[in-house]
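Each chain gets a letter, A, B and so on, in the order its sequence line appears, and its residues count up from 1.
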Amino acid sequence: MRSSQLFGKTLRQAPADAETISHKLLIRAGYIQQIAAGIFSLQPLGNRSITKIRNIIRDEMDRAGGQEINMPVVQPRSLWEESGRAETFVPPLATFKDKREREMIIAPTHEETATAMARAGVTSYRDLPFTIYQIQTKFRDETRPRGGLLRVREFEMKDAYSFDADEEGMDRSFQSMVDAYKRIFKRCGLEVIMVEADSGGIGGKDSNEFVLLTDSGEDTILMSNESDYAANLEKASFIKKAFPIGDLGQVEEFATPGIKTINELAKSEGVSKSKTAKAVFYSVDGEIVVVTIRGDYEVNETKLRNQLGGLEPKLATPEEVKAAGLVSGSASSVGLEGIKSIVDDSITLGSNYLAGANKEGFHLRNVNLNRDFKADILGDIAEAKKGYLSPDGKGKLVAKRGIEIGHVFKLGNVYSSKMGADYTDEDGEQNEILMGCYGIGVGRMLAAAIESNHDDFGMILPQAIAPYDVYLAGLNLNNDDIAGKAEQIYETLQDAGYDVLFDDRDVPPGVKFKDADLIGVPVRVVISSRSLENGGVEVKSRTSKDSEIISESDVLAIVQKVLG
RNA sequence: CGGGGCGUGGCGCAGUGGUAGCGCACCCGCUUUGGGAGCGGGGGGUCGCAGGUUCGAGUCCUGCCGCCCCGACCA
């Protein structure tokens, strides 16, 4: 492609409403155009990058045995009523009515249609296993899109669905997708790690995220400094500190005037926070619940939600707390009737806690689970932090930031049972099909790549996802000799299969160099009167500071070498 | 959904009631050609929308819409 004909101008200044680096660069380099909040068009450069990413994904999906399909963006709402997600999906489904007043939805994901496909197409165990995938548009009406392509409302996703007869099969399909994902990210030149994750609204038992570690990421990842344990903060577990459990003391009340927090309580008693039982109030589906956790830990609301069977906990407002007759600052589960109690298992790793007396200005000593208060639900709801012990017993946790660009789920029978997707096995019995689903955010992957790979001048894209492999800058092109040689190099590189952007514009050299850097093309070749005087053409990789002069006849060989 | 900010030419911005301007970009000409060139000439804006106040509104008032950021929420 000749720059003189390329649609899309580079900007010297980024639009004022772009804040994130990738957003600024994508706009400045002319990759994308914003149409509305979280809705973008791809311009030629952006589309070329996305196409390259898409092709790599497709290639690896096919290699893993996936079969490409296509499912509709517009779907009847009734399909989503079958799975039960019509009401519960977050963000709420975007809907409209068609001409015949039927409620339609714009799909945010495709588990329902994929299950419908399998339900219709599978009758026997002989039809299993198989994996289907598509690369296609989703719409999620996120309340707050942000960061250019990082979080958008309409986006392209590669979503795959595997169908198996049994657990072992599902695990095999899952593993095969995980392997494909690893190859995809590697081929794209991105350092993506797999971490344990919460499965959220998609459902299922196990899920893993693929995360590109970068400081500008919006997710927190906790990983062991000694093993390969890594998990999203939402999911991360750790080994809780255990204390010897002695004889249970007598509960006694004592005055704690002015003491409102666990910190103050522990301090005034001269004990560690781990000797206290902290009570936190949540409002769940309109009902107040009390969460008790050892004072040295914090509640992880995602874990709490999972313990509550998926219901969303919200911190209770002071009014709600008061209305429930609770005394904030001196509250505990002790003696509370009719209020659901959720207890973190850290409480079982110690005894004789200090806790609120449910009486303004008083606390209790020697409070113990079961004897003094009950647990309707007992489990892990504690938030992991850096420095805590890795759950595998190897090393301590460290915290990093990352961007989630892929997520894989073992769905099991979540959808097949609700939607009646089953098959007949060897013994003639009906069984539910076991599913897995696997997503990659295509545009987000590009944004994430830029977030983790740029400098003051612009993007630094890995060759695999850069819109062009080579930026050929011809200077002094009004000189026929130079112009002729530039054309020759352009031809040679293209004949060798490289995507070349030939900057043939009549603009000053500085403009070409700035654009080459901004767009992030991995190799730059310059031909000019000066380069010819110095013995040929100049080749420079985007990442190196210096260029080297080579003879024109070596261009291809050197470009090959620089691109590796 | 709560808090904050911003809407003036393609982009960045100025303009506190009296005929809409600057820089970049764009077009023409000449001169230039190694890190966003110089000179000269030129084109382009219902000032987000609607209503109101006023002799007169980009500017003041009311309502609405849009966009960004923080939070909440989050396949």
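Put simply, the side chain of A/R2 never gets that close to the backbone of A/F502: no donor and acceptor are under 3.5 Å apart.
Across all strands, A/P508 comes closer than 4.0 Å to base atoms (heavy-atom distances). Counting any heavy atom pair closer than 4.0 Å across all strands shown, A/E533 reaches no nucleic acid atom. A/G148 comes within 4.0 angstrom of no nucleic acid atom, judged by non-hydrogen atoms across all strands. Counting non-hydrogen atoms under 4.0 angstrom, A/E312 reaches the backbone sugars and phosphates but no base. A/A18 comes within 4.0 angstrom of no nucleic acid atom, judged by non-hydrogen atoms across all strands. Among the protein residues, A/V511 comes within range of the nucleic acid bases, having at least one heavy atom under 4.0 Å from a base atom.
Tested against A/E383 for a side chain to side chain contact (heavy atoms under 4.5 Å, CB included), the candidates A/L233, A/V299, A/L222 yield a single pass: A/L233.
For A/R28 and B/G12, a side-chain-to-base donor-acceptor distance below 3.5 Å is absent, hydrogens and geometry of angles not being considered. The base of B/C74 lies close enough to the side chain of A/R151 for a donor and an acceptor atom to sit less than 3.5 Å apart.
If you measure from atom CG of A/D141 to atom P of B/A75, you get 15 Å, rounded to the nearest angstrom.
Rounded to whole Å, the separation between the P atoms of B/U19 and B/G56 comes to 15 Å.
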| request: Given side chain to side chain contact (heavy atoms under 4.5 Å, CB included), test A/V521 with A/R542 step by step and report yes or no. | output: CA-CA 7 Å; A/V521 179; A/R542 177 66 179 83; over 6 Å; no

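Under the Watson-Crick or G-U wobble criterion, with both distances below 3.5 Å, B/C11 is paired with B/G23.
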